[in-house]
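Reminder, nothing fancy here: chain letters follow the sequence lines and each chain counts from 1.
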Amino acid sequence: MLDIRLIREKPDFVRSRLATRGSGEEQKIDEVLAVDAERRKLETALQQFNADRKRLSKEVGVARSRGDDCAEVEERVRKIGDEIAELVRQTAAAEEQQRDLLLNIPNLPHPGAPVGKTAAENPVVRTWGEKPRFSGPVLDHIALGAKLQLFDTERATKLSGSGFICFTGAGARLERALIQFMLDLHSREHGYLEVSPPFLVRRDCMIGTTQLPKFEEDMYGFEDGAMFLAPTAEVPVTNLHREEILAASELPKKYVAYTPCFRREAGSAGRETRGIIRVHQFDKVELVRITRPEDSYAEHEALTADAERVLQSLGLHYRVIELCTGDVGFGSAKTYDLEVWSPGQNTYLEVSSCSNFEDFQARRMNLRFKEAEGKNRFPHTLNGSGTALPRLFAALVEAYQQADGSVRVPEKLQAYFGAKEIR
RNA sequence: GGUGAGGUGGCUGAGUGGUCGAAAGCAGCGCUUUGCUAAAGCGCCGUACCCCAAAAGGGUACCGAGGGUUCGAAUCCCUCCCUCACCGCCA
């Protein structure tokens, strides 16, 4: 949520930053300003009436204790009470309208973000490693999975419909090994506190991390929208401190969590339905940081580096792209995507998205920290996948396949997996 | 699921219709006394919003949330949420 004061004081700045997203949200600014002006007018009037009532009611109390007659004053207060009831109604309506508008306006992209309209304009920031070379034909993860019986999408469909995977045998073990490997890497070597949060969250949490109200159709909700299956561990983990005032000395907070992620993927039916690239439930290890505002961009680089370390440790070629203003997510000011190379599909697959939300989520969650001088401020929140699993799984088996259709297990993973190859 | 007890400021904890944003204690900050430490004394010490060009200052709201009763609600009534205890059920 943007700061209404920023909008009030620098509307042109806000409009021009929003305009770089190319989705027309800057047109909502005039409406917000109008509602804000109306709201404040109502509030000022309401406060005046409240002050009058408070004062006169006290007079009644004093008069009664003396035994004086005060029917006239009581009548006046009663009339003021009617005015107040009406103003309260109007003020509440204006507040709600303002909040609804604000909740639907995206974050301002970072001034340094590359301006562009679509994903095609996302610049490559750096690449690591090289594409593996193969002498013979290259199988994709679907062929390898079938050959080695790593997963069973047909039976998963029988259970849950299309878009679900059931890992089996060595595939299930590899999935588990990857999760354990990543959790250990981040908690032991990168200083994150491991948490295992609930996968079901209340509606307020989904609003806090910006999945709602705009993207409800992508979420699995139930109990009339009161509860949701978390689409990412970002939701339960970032909301851990919602409505809290942290001590400045506690920052930065660094959390790592493994959770399954549930997404309807509404509107993407038919796209990438083969294999395990786009599914309704997938595993992910997520990194979250809560930082001081002035540190957040350095922390963002560090968090991205932590996610990259996963791919480096596994010896997988990848590239880092920065999302342009037209592609950056609703709540994010700046995002790097990590894309791992998939030899079987001859393309890069997004396995991580590392974002700095600045104070956009903190303001929605009312998450604050107390400065040494006692002033409360909104911290910045960041998160990034470290990393998402089915795609990592796919890239890994494709990159480490051998001529006979077996798959070598990367050295760092062998202890977790318990073998050097899958055949 | 049942029964009971509760939700008050960073914490503990008073307050059962008015002058209460709320006693007191602890913690924190500042000052004084003081070889050091300790102790004592004095003062300050919630959040959000509104008015004001800003500061100074003023005001309103907030005692789990939302409604109601009343001239007036932390206090009375209703609904909901949550916590704790015991019982039941259960991986």
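For residues 83-98 of chain A, the pairs satisfying salt bridge (charged side-chain N to carboxylate O under 4.0 Å, His left out) are A/Glu86-A/Arg89, with sequence neighbours left out. Listed by first and then second residue, the salt bridge (charged side-chain N to carboxylate O under 4.0 Å, His left out) pairs that reach into residues 230-252 of chain A are A/Glu250-A/Lys253, sequence neighbours excluded. Counting only residues at least two apart or on different chains, the ring pair (Phe, Tyr, Trp, His ring centres under 6.0 Å) pairs with a member in residues 212-243 of chain A are A/Phe215-A/Phe330, A/His241-A/Tyr255.
Taking atom C1' in both B/C45 and B/A24, one finds a spacing of 15 Å when rounded to whole Å. Comparing the same atom, C1', in B/U12 and in B/U3 gives a spacing of 29 Å after rounding to whole Å. Atom C1' of B/U75 sits at a distance of 5 Å from the matching atom of B/U16, rounded to the whole Å. Across the P atoms, B/U69 and B/C78 are found 15 Å apart, a figure rounded to whole Å. Rounded to the nearest Å, the gap between the C1' atom of B/U83 and that of B/U8 is 15 Å. Distance check on atom C1': B/A14 versus B/A22 gives 10 Å, rounded to whole Å. B/C62 and B/G68 are spaced 14 Å apart, taking the P atom of each and rounding to whole Å. Taking atom C1' on both nucleotides, B/G2 is separated from B/G72 by 40 Å, rounded to a whole Å.
Separating the CZ atom of A/Arg78 from the P atom of B/U69 is a distance of 12 Å, rounded to the nearest angstrom. Here the P atom of nucleotide B/C71 and the NZ atom of A/Lys58 are 19 Å apart, to the nearest Å. Rounded to an integer number of Å, the gap from A/Asp82 CG to B/U70 C1' is 13 Å.
Residues that satisfy the side-chain hydrogen bond (donor to acceptor under 3.5 Å, both in side chains) test with A/Arg363, not counting sequence neighbours, are A/Asp359. Residues satisfying the ring-ring contact (aromatic ring centres under 6.0 Å, His included) test with A/His300, not counting sequence neighbours, are A/Tyr336. Among residues two or more places apart in sequence or in another chain, the side chain to side chain contact (heavy atoms under 4.5 Å, CB included) test is passed with A/Val62 by A/Arg66. With sequence neighbours excluded, the residues forming a side chain to side chain contact (heavy atoms under 4.5 Å, CB included) with A/Ala233 are A/Val237, A/Ala257, A/Thr259, A/Glu286, listed by chain and number. With sequence neighbours left out, the side-chain hydrogen bond (donor to acceptor under 3.5 Å, both in side chains) criterion links A/Glu308 to A/Arg126, A/Tyr318. With sequence neighbours left out, the side chain to side chain contact (heavy atoms under 4.5 Å, CB included) criterion links A/Asp152 to A/Glu154, A/Arg155, A/Thr168.
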Inset, instruction - Scan nucleotides 46-64 of chain B nucleotide by nucleotide, 5' to 3', and note B when protein non-hydrogen atoms come under 4.0 Å of the base, S if they reach only the sugar-phosphate, - if neither. - result: -SSBBS-------BBS---
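Using modelled atom types and a 3.5 Å distance limit, the side chains of A/Glu38 and A/Gln97 yield no donor-acceptor pair. Residues A/Glu358 and A/His380 bring no donor and acceptor atom of their side chains to less than 3.5 Å of each other.
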Just the atom pairs and distances: protein N or O near nucleotides 75-83 of chain B's N or O, under 3.5 Å.
from  : atom 1 : to       : atom 2 : distance (Å)
B/C82 : OP1    : A/Arg202 : NH2    : 3.4

Legend entry - Dot-bracket pairing map - RNA chain B, Watson-Crick plus G-U, both contacts under 3.5 Å, | cross-strand: ((((((((.[[[..)..(.....]]].(((((.......))))).((((((.....)))))).[[[[[..)....]]]]])))))))....
